[in-house]
Chemist: 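Sharing a structure with you now.
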2 protein chains.
Amino acid sequence: MGAQQAVDEARPVSARVQRKRGKRIQEIVTVAAELFGERGYDAVNLEDVAERLDVTKGSLYYYFSSKEELGTAAIQTLGDEWTDRLEKLLERADGSPAQRLRALIHEHVTIAVRDYPAALRVFLVPRNWPAAQRERIKELRTRHNQLFRDLIEEGIAAGEFTVTGVDTVLQCLHASMSQAPAWCAELSGRAQRAAIDELTDTLMMLVGVHPD
Amino acid sequence: MGAQQAVDEARPVSARVQRKRGKRIQEIVTVAAELFGERGYDAVNLEDVAERLDVTKGSLYYYFSSKEELGTAAIQTLGDEWTDRLEKLLERADGSPAQRLRALIHEHVTIAVRDYPAALRVFLVPRNWPAAQRERIKELRTRHNQLFRDLIEEGIAAGEFTVTGVDTVLQCLHASMSQAPAWCAELSGRAQRAAIDELTDTLMMLVGVHPD
DNA sequence: ACGAATTTTGACTTTTTAGTCAAGAGTTGA
DNA sequence: TCAACTCTTGACTAAAAAGTCAAAATTCGT
C-alpha cells in the first residue's frame with residue numbers, strides 16, 4: 001500500500017519484523033544524512049540515495065512519505081546521537097574549566113571530523129533546509145551551545161578565561177568546527193589526529209588559553 | 001538573435017551602446033550575486049533573478065548563455081572588487097603587525113557583513129557550485145588568505161603573535177568571517193558596528209593578541 | 001521622423017526530480 | 001509447503017526550472 005502507512009506507529013507486526021524494519025530505516029537514514037551533509041538538502045536527489053543503498057527510489061517511499069520526512073529523520077537521529085556523546089563526555093570530565101573545555105572542543109571536533117565525516121555537517125552549515133528542519137537544527141545548536149556556554153562562563157568566573165563576548169566566541173567556535181570536516185576531508189589517520197589537536201589548541205586561544 | 005551572441009566580444013557597436021550594455025550586465029550580475037549569496041547556486045532560479053530586475057527570464061539569456069555563466073560572472077566581478085578593497089587597505093595601513101592585522105580583519109568583516117550583506121557570502125560558504133566555479137572561488141580564497149598569512153607571519157617573526165599553526169588560524173578566521181553575515185543579518189546601525197568590533201577583537205585572540 | 005540596431009517578451013520545448021502505484025518477489029510462521 | 005505479510009520494482013504522472021526563439025517593443029544615429 002506504500003506511502004500512506006510509511007510511518008504508522010502502532011502497526012501490528014511481529015517483534016522480529018519490526019526490528020528488521022527499524023534496522024533498514026537506520027541504514028537509509030545514515031546514507032541519506034551522508035548525502036545531505038555532502039551536498040545540502042536541495043542538491044540531494046532520492047535516486048542517488050536509493051542507488052547508494054542498491055535499491056530503487058520507490059522503496060524509500062515505503063519507509064518515508066516524502067523527502068522532507070527523510071530529512072527530518074536524518075536530523076533527529078544523528079542529532080540525538082551527537083548530543084549524547086557531548087553530554088556523556090561532560091559527565092566523566094573533571095579538572096579545571098580550561099581542561100574540561102579543551103576536552104569538550106576536542107570531542108566535538110573529533111565527532112564532526114572523524115566519526116561522521118560528512119554526515120553531521122548537516123547541522124552545522126545552514127543549507128536550504130525547509131523551515132521545519134531549520135527549526136530543529138536551531139534547537140540542536142542551542143542545546144550544544146549551552147554546554148559550551150556554561151563551561152566558558154565558569155572559566156570566566158574562575159578568572160581562567162579572557163573573553164570579550166561569550167556569544168561571539170560561541171559563534172566563532174561553531175563556525176570553525178562546522179568547516180573543519182571540509183578542511184580535514186583528505187587527511188587520514190595520523191595527520192587527521194594532528195589536525196584535530198591543532199584545531200583544538202587554536203580554538204582554546206579564543207578564550208585566552210595558550211597551549212602548554 | 002539571443003543566446004548565441006550573448007557574450008561575443010568583438011561585436012561592432014557604438015561606444016555608447018556598449019557602455020549601456022555593460023551597465024545592464026553589471027545590474028544583472030549584482031542582483032544574481034545577491035540571490036546566489038542568500039540561497040546558494042542550486043536554489044536560485046532565473047525566474048526570480050529576472051523578477052527582481054523587473055524583466056523576464058528570456059532577457060537574461062540575451063546577456064548570458066546559461067545559468068552557469070551568470071554564476072561565473074557574479075563570482076568574478078564581486079571577487080575582484082573585494083580583493084581590491086583589501087589590497088588598498090593594506091597599502092595605506094601602518095603600525096605594528098597587530099594593528100595592521102586588526103585593520104585587515106575589521107575591513108574584511110565589514111565588507112562581508114555591512115557592505116555586501118548577502119552577496120559576497122557567495123565566496124565564503126562553499127555551496128553546490130559547479131566545478132568550474134568552485135575552482136575560481138578557491139583561487140580567490142587563496143589570494144585573500146595570502147594577505148592574512150603574510151601579516152601573521154610578520155607578527156610571529158616580530159614576537160607579537162602566539163600561533164600554534166598558521167593554516168589552522170587562517171581556517172578559523174575564514175570560517176568565522178564567512179558565517180558572520182548570517183549572525184549579523186538582523187542587526188543594524190549601531191548594533192551591527194558593535195558586533196563587527198567585537199568579532200574583530202575575538203578573532204585577534206586567535207593570534208594571541210588581547211584587546212587593550 | 002524614420003530605418004536599423006538593440007532589447008525584451010511570452011509562449012514554447014526539454015530536462016530533471018519528487019512522488020504514485022499496481023504488480024511481483026521475497027519472508028515468515030504455521 | 002502454503003498463505004499471509006512484507007518489501008521492492010519499474011513504469012508512470014506532475015511540477016518546477018533551464019533553455020529557445022520568432023515576433024514585438026524600444027532605443028539609437030542620422
Side-chain angles (χ1 to χ4, degrees), chain A residues 1-8 10-28 31-32 35-36 39-74 128-130 133, chain B residues 1-8 10-28 31-32 35-36 39-72 128-130 133:
Chain A
M1 295 152 200
Q4 266 69 359
Q5 56 173 239
V7 268
D8 275 358
R11 194 141 51 95
V13 280
S14 80
R16 177 177 172 171
V17 172
Q18 192 64 278
R19 255 200 316 282
K20 199 175 150 195
R21 179 183 170 86
K23 223 173 158 185
R24 192 92 183 99
I25 288 178
Q26 276 313 309
E27 280 168 24
I28 294 171
V31 166
L35 279 166
F36 285 136
R39 306 182 194 170
Y41 182 77
D42 279 349
V44 168
N45 78 64
L46 296 187
E47 215 102 45
D48 292 344
V49 177
E51 201 186 343
R52 276 214 193 172
L53 287 158
D54 280 315
V55 293
T56 56
K57 190 178 49 168
S59 190
L60 301 182
Y61 280 90
Y62 180 69
Y63 298 100
F64 299 93
S65 66
S66 67
K67 180 180 178 180
E68 208 170 311
E69 194 181 290
L70 179 53
T72 303
N128 302 308
W129 288 97
Q133 278 101 329
Chain B
M1 293 156 197
Q4 264 72 359
Q5 57 172 237
V7 267
D8 275 359
R11 193 141 50 96
V13 280
S14 78
R16 175 174 173 175
V17 172
Q18 192 63 279
R19 256 199 316 282
K20 197 178 151 195
R21 179 183 170 85
K23 222 173 156 184
R24 191 91 183 101
I25 288 177
Q26 276 312 311
E27 280 169 23
I28 295 171
V31 166
L35 280 166
F36 285 135
R39 307 183 195 171
Y41 182 77
D42 280 349
V44 168
N45 79 63
L46 295 188
E47 215 102 46
D48 293 343
V49 176
E51 202 186 344
R52 276 214 193 172
L53 287 157
D54 281 316
V55 293
T56 56
K57 189 177 48 165
S59 190
L60 301 183
Y61 280 91
Y62 179 68
Y63 297 100
F64 298 93
S65 65
S66 68
K67 181 180 178 181
E68 206 170 313
E69 195 180 289
L70 179 54
T72 303
N128 303 307
W129 288 97
Q133 279 101 327

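Residue numbers begin at 1 in each chain, while the letters A, B, ... track the order of the sequences. Given the structure is predicted, the values throughout are model-derived calculations rather than measurements.
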Chemist: Counting only non-hydrogen atoms, which of residues 44-55 of chain A are less than 4.0 Å from DNA chain C?
Modeler: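 Output list: A:Val44, A:Asn45, A:Leu46.
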Chemist: What's the CD1-C1' distance between A:Ile25 and D:dC7, to the nearest Å?
Modeler: 12 Å
Chemist: Check side chain to side chain donor-acceptor pair (under 3.5 Å) between A:Arg52 and all other residues, then give those that pass, not counting sequence neighbours.
Modeler: A:Glu34, A:Glu38
Chemist: Can you name the closest pair of heavy atoms from B:Leu60 and B:Leu53 and give their distance?
Modeler: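 What the structure gives for the nearest pair is CD2-CD1, 4.0 Å.
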Chemist: Taking only residues two or more places apart in sequence, or in another chain, which ones meet B:Glu47 in a side chain to side chain donor-acceptor pair (under 3.5 Å)?
Modeler: none
Chemist: Find out whether A:Val55 and A:Arg24 are in side-chain contact, i.e. whether some heavy atom of one side chain is under 4.5 Å from a heavy atom of the other.
Modeler: yes
Chemist: Rounded to the Å, how far apart are A:Glu68 CD and C:dT17 C1'?
Modeler: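 My rounded result for the distance is 16 Å.
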Chemist: Nearest of C:dG19, C:dG10, C:dT7 to any side-chain atom of B:Tyr62?
Modeler: C:dT7
Chemist: Hey, does the side-chain of A:Lys57 have a donor or acceptor N/O within less than 3.5 Å of a partner on the base of C:dG19?
Modeler: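 Flag set: donor-acceptor pair detected.
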Chemist: Rounded to whole Å, please give me the gap between CD in A:Gln18 and P in D:dC5.
Modeler: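 Interatomic distance, CD of A:Gln18 to P of D:dC5: 15 Å.
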Chemist: Anything under 3.5 Å between a protein N or O and an N or O of nucleotides 2-4 of chain C, put it in a table, one pair a line.
Modeler:
none

Chemist: Please give me the minimum heavy-atom distance between B:Lys57 and B:Ala50, naming the atom from each residue.
Modeler: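 In terms of heavy atoms, the two residues are closest at N-CB, 3.6 Å.
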Chemist: Looking at A:Tyr41, is A:Lys67 sitting on its ring face, NZ or CZ under 6.0 Å from the six-membered ring centre and within 45 degrees of the normal?
Modeler: yes
Chemist: Kindly point out which of C:dG19, C:dT8, D:dA18 is positioned nearest to the side chain of B:Tyr63?
Modeler: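 When the side chain of B:Tyr63 is considered, C:dT8 is the closest of C:dG19, C:dT8, D:dA18.
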Chemist: Closest approach of A:Val31 and A:Val49, non-hydrogen atoms and distance?
Modeler: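 In terms of heavy atoms, the two residues are closest at CG1-O, 4.0 Å.
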Chemist: With sequence neighbours excluded, what pairs up with B:Gln26 under the side-chain contact (heavy atoms from CB on, under 4.5 Å) test?
Modeler: B:Thr77
Chemist: May I have the distance from A:Ile28 (atom CD1) to D:dC7 (atom P), rounded to whole angstrom?
Modeler: 10 Å
Chemist: Taking the side chain of B:Lys67 as heavy atoms from C-beta outward, which of C:dA18, D:dA18, D:dT8 is closest to it?
Modeler: D:dA18
Chemist: What's the angle between the local helix axes at either end of the helix from C:dA1-D:dT30 to C:dA30-D:dT1, using five pairs per end and rounding to 10 degrees?
Modeler: 20°
Chemist: Check the distance between D:dC7's P and A:Glu27's CD and give it to me in whole angstrom.
Modeler: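 The answer, rounded to whole Å, is 12 Å.
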Chemist: Run the side chain to side chain donor-acceptor pair (under 3.5 Å) test against B:Ser59 and tell me which residues pass, sequence neighbours left out.
Modeler: none
Chemist: B:Arg19 has an atom CZ; how far is it from atom P of C:dT6, in whole Å?
Modeler: 15 Å
Chemist: Between protein and nucleotides 24-30 of chain D, what N or O pairs are separated by less than 3.5 Å?
Modeler:
from, atom 1, to, atom 2, distance (Å)
D:dT27, O3', B:Lys20, NZ, 3.3
D:dG29, OP1, B:Ser14, OG, 3.2

Chemist: Going by side chain to side chain donor-acceptor pair (under 3.5 Å), name the residues that satisfy it together with A:Asn45, two or more places apart in sequence or in a different chain.
Modeler: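 Applying side chain to side chain donor-acceptor pair (under 3.5 Å) to A:Asn45 gives A:Asp48.
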Chemist: Would you mind reporting whether A:Tyr62 and A:Arg21 have side-chain heavy atoms less than 4.5 Å apart?
Modeler: yes
Chemist: Does B:Phe64 form a side chain to side chain contact (heavy atoms under 4.5 Å, CB included) with B:Ile25? I'd like the steps, not just the answer.
Modeler: CA-CA 9 Å; B:Phe64 298 93; B:Ile25 288 177; 3.6 Å; yes
Chemist: So which nucleotide from C:dG19, D:dG19, D:dT8 ends up closest to the side chain of A:Ser59?
Modeler: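 In terms of side-chain proximity for A:Ser59, the closest of C:dG19, D:dG19, D:dT8 is D:dT8.
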Chemist: Verify the contact: side-chain N or O of A:Arg24 to OP1 or OP2 of D:dT8, cut-off strictly under 4.0 Å; return yes or no.
Modeler: yes
Chemist: Which heavy atom in B:Tyr61 sits nearest to a heavy atom in B:Leu46, and how many Å separate them?
Modeler: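 That closest heavy-atom pairing would be OH-CD1, 3.3 Å.
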Chemist: The criterion is salt bridge (Lys or Arg N to Asp or Glu O under 4.0 Å); which residues satisfy it with A:Glu51, sequence neighbours excluded?
Modeler: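 In terms of salt bridge (Lys or Arg N to Asp or Glu O under 4.0 Å), with neighbours along the sequence ignored, A:Glu51 is linked to no residue.
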Chemist: Please report, rounded to the nearest Å, how far the P atom of D:dT13 is from the OH atom of A:Tyr61.
Modeler: 17 Å
Chemist: Output all residues satisfying side-chain contact (heavy atoms from CB on, under 4.5 Å) with A:Ser66, sequence neighbours left out; order by chain, then residue number.
Modeler: A:Glu68, A:Glu69
Chemist: Is any side-chain N or O of A:Arg21 closer than 4.0 Å to OP1 or OP2 of D:dT6?
Modeler: no
Chemist: Whole angstrom is fine here: how far is it from CG in A:Leu70 over to P in C:dT17?
Modeler: 16 Å
